[in-house]
Amino acid sequence: MARTSAQDSTDAPVTQGFLGLDRSWHVGAGLLTLATVVAFTIWAFTHTGTDVNAFLLILAIAFGLFMAFNIGGNDVANSFGTSVGAGTLTMKQALVVAAVFEVSGAVLAGGSVTETVRSGIVDLEGMSLDPLAFALIMMSALLGAAVWLLLATRMGWPVSTTHAIIGGIVGAAVTTGLVTGTGGFAMVHWGEIGKIAVSWILSPLLGGIASFLLFGAIKRRILAPAARAIALGSRGYDDAEDDDDVDDDDEEDDADESWQRHVPASERMTELQQSAFAESAALDLTPGGPGAELIEASADLTKKERKAARKVERKAAYHALEKRVPPLAAGAAMVLAAMLVFKGLDNVGLNISVGGGVLMLVMLALGVWMATTIFARALKKQSISRATFIMFSWMQVFTACAFAFSHGANDIANAIGPFVAVLDVLKTGQIGAEAAVPTAALIAFGVALVSGLWFVGRKVIHTVGTGLTAMHPSSGFAAELAAATIVLLASVLGLPVSSTHILIGAVLGVGIVNHAANWRLMRPIFLAWIITLPAAAGIGAAGVLVLRAIF
C-alpha cells in the first residue's frame, strides 16, 4: 500500500524500451479496452435491430465511450490524485481500485432508468424535434464535452465533467434551434447557468474551509506529538536508542521537570514540519533543513532530559493514535456510508427509512471505532512515524474506495445518459420520456472510465496529488473526507456545487494549513473552470452542424 521513493519512479513517465517499464500494463489495458469496444458494438447492433443506420450507431458508440474515457482521465484521476500523491496508492494500485469500485458503482448503482435531457438546462420540448435531430444533439454534446475534457486533461487541469456535458448540450441545442428556426438562446434556462457560475466560487470555498478545519485539528491533536518525539531522537531518527528508561527514578523525575522548562524550544516547529516528520521514516538533516533546525533547538537538552522528553512525547503520540484516531475514523465511516446511500445506492431504489438509516450508520461507526482501536494498539510495536503512516494510509484507502464507488454510480451518467437517449431513439424511432440503461452499457462505460484513468489521467493526478500542494496520507485523508462531507451536505441542502471543484478546494485547504498552497497553478485551473461550459458548447455547436450535414 505505502510506497517508497524508489517505487515513485514507476509512476513517472518511462521511456526505456517500447512503452516503457509498464509495457505489460499498457498492453493489458489496451486489449481489455479494445475487447470491450468490440463486444459492446456487437451487442448494440443486436439490441437496436438490423435495420438501424450502422454508421450513426457506430458514431454514437464512439462518442459515448470517448466521453467515458475522458471522464476517467479527468474526473476519476482527480478523485485518486490525493491517494497517489500521498503515496498511499501507486498508479497501478489506483487502477485496480478504480477497476473494482468504479465499475461496481456503475453497474450496481448507475441507475436503471435515465431521463432524456428535455427541460433541465435547455428547453427541448418547444423545438418540436424529430428523433434524428434529437439524437444528433445528444451525440454532439458527447463529442463537445469529450474533446474539451481531453484538452483539459492533457494540460493537467481538473474540470467538471457535469459542466462540460451541460455546455455540449447547450451548444448543440441552441445551434440546432437557430438553424431550423425552432428556437435560439431563449431556450436556455439562464438561471441554471447562474447556479453553475455560483459553484465556481461556492464549491472550492466550502471544500477549502472544511479541509482547513479538519486537517488543522488532525495536525494539532494527532501529528504534533509524533513529530516532537521523532525530532527528539538522538540523530533525528525514530530509532529505539532513546527508548531505554533512565536508570535512576529521581534523575528521571528531575529530567522531566527540566524538560518542562525546555518545551517552548521543541514547540518552535512549524505545523508543516510536524506533518512531514510524523509521516516520514527519517528527518531531513541537511544543513538548513527542518530536521537540522529542530535538532539544534533541542541541543541544549542533556541526554537524560532528551530521553525523558522523548518518552513523554512517544506516550502522547501513541495515545493520540489509540484515543483520537478511532472516533475520527468512525465519523469518516458514517459520512462515507451516508454519501454512498444518498449519492449512489439511492439509484437502485433502496427504501431505507430515516430511523433505519441512522441505526445502520451508528452500528457501522461503532464497528469502525472498535476495529480502529484494536489496529492502533497493534501498531505500538511499530515506530511512531511508521505507525502514523500506516494508520492514515489505510483510512485513506477506504475514502478512495468510497469515492470511486460513488463516482461510478453518479458521474458515469454524464456519458451514459445522452448515449442511452440516442440508443433508445435508434431502437424505437421516437423520443421517449425516459430510457432504460442496459447493464452491458454500464459495464462498457465503466471499463472506459478505468482505461481513461490509466492512459491519460497522470497529469491530472500530478496536479491534484503534488502540484497544488504536497500530500501525505493524513492530509490526503483529510482532503477526501472534507470533500465527501461537503458533497453530502450539498446534496441534502440542494446547493449548486461540483464535486471536482470541492476536492480541489479541499486540497488547497491542506496547502493553506501547511503554508504551501500553489496559487500560481490554481490560476489556469480556475480559468479552465470558467471556460469549460462555453468551450464544450462551441465544440458541440460545430459538431452538430457537421453531423446535420452528413445525416
Side-chain angles (χ1 to χ4, degrees), residues 29-30 33-34 36-37 40-41 44 55-79 98 102 106 110 114 117 121-122 135-173 175-176 407-408 410-423 441-442 444-460 498 500 528-529 531-547 550:
T33 304
L34 179 61
T36 300
V37 171
F40 183 63
T41 302
F55 184 47
L56 186 61
L57 178 57
I58 291 175
L59 277 182
I61 294 172
F63 292 171
L65 292 178
F66 185 47
M67 176 62 174
F69 178 86
N70 287 291
I71 290 176
N74 197 287
D75 222 6
V76 177
N78 176 50
S79 300
E102 290 278 350
T114 180
V117 183
I121 197 75
V122 179
L136 296 182
I137 289 175
M138 293 296 107
M139 291 172 59
S140 300
L142 287 171
L143 179 62
V147 171
W148 167 247
L149 286 177
L150 180 60
L151 294 174
T153 300
R154 297 302 298 171
M155 297 300 296
W157 299 333
V159 297
S160 172
T161 57
T162 302
H163 294 177
I165 193 63
I166 287 174
I169 293 174
V170 168
T175 301
T176 300
H407 184 273
N410 288 274
D411 286 3
I412 196 173
N414 292 327
I416 207 167
F419 171 77
V420 169
V422 175
L423 193 67
L442 291 170
F445 279 61
V447 171
L449 286 178
V450 178
S451 179
L453 169 65
W454 177 256
F455 285 112
V456 298
R458 296 170 191 259
K459 287 189 176 181
V460 173
S498 165
T500 298
W529 290 356
I531 66 176
T532 288
L533 196 149
I539 301 171
V544 79
L545 291 176
V546 173
L547 290 179
I550 296 175

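Hydrogens, waters and symmetry mates are skipped; everything else that's a heavy atom, side chains included, is used.
- Between F445 and F40, the ring planes are perpendicular. Angles over 60° get that label, and only those under 30° would be called parallel.
- How far CG of N74 is from CG of L449: 12.0 Å, rounded to the nearest 0.5 Å.
- Going from atom CG of N414 over to atom CD1 of I165 covers 6.5 Å, rounded to the nearest 0.5 Å.
- The CD1 atom of I137 sits 9.0 Å away from the OG1 atom of T175 when rounded to the nearest 0.5 Å.
- With a 4.5 Å cut-off on side-chain heavy atoms, L56 and M139 count as touching.
- Annotation for M138 and P418: closest pair CB-O, 3.8 Å, computed over non-hydrogen atoms.
- When all heavy atoms of A448 and A68 are compared, the pair lying nearest together is CB-CB, 3.7 Å.
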As a quick check of understanding, evaluate side chain to side chain contact (heavy atoms under 4.5 Å, CB included) for F69 and L149, giving each step before the final call.
CA-CA 10 Å; F69 178 86; L149 286 177; over 6 Å; no
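- Side-chain contact check for W529 and S160: no donor-acceptor pair (N or O, by modelled atom type) lies under 3.5 Å.
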Output, in order, the C-alpha distance, side-chain angles, deciding distance and verdict of side chain to side chain contact (heavy atoms under 4.5 Å, CB included) for L142 and V422.
CA-CA 11 Å; L142 287 171; V422 175; 5.6 Å; no
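- Between atom CG of residue N70 and atom CG of residue L150 there is a gap of 4.5 Å, rounded to the nearest 0.5 Å.
- The two atoms that bring V460 and N78 nearest to each other are CG1-N, 3.8 Å, heavy atoms only.
- Note that R458 lies in the cation-pi zone of W454, set by a 6.0 Å cut-off to the ring centre and a 45° limit from the axis.
- When all heavy atoms are compared, the tightest approach of I71 to A415 is CD1-CB, 3.9 Å.
- Summarising the geometry of A141 relative to A172, their closest heavy-atom pair is N-CB, 4.4 Å, with the distance given to 0.1 Å.
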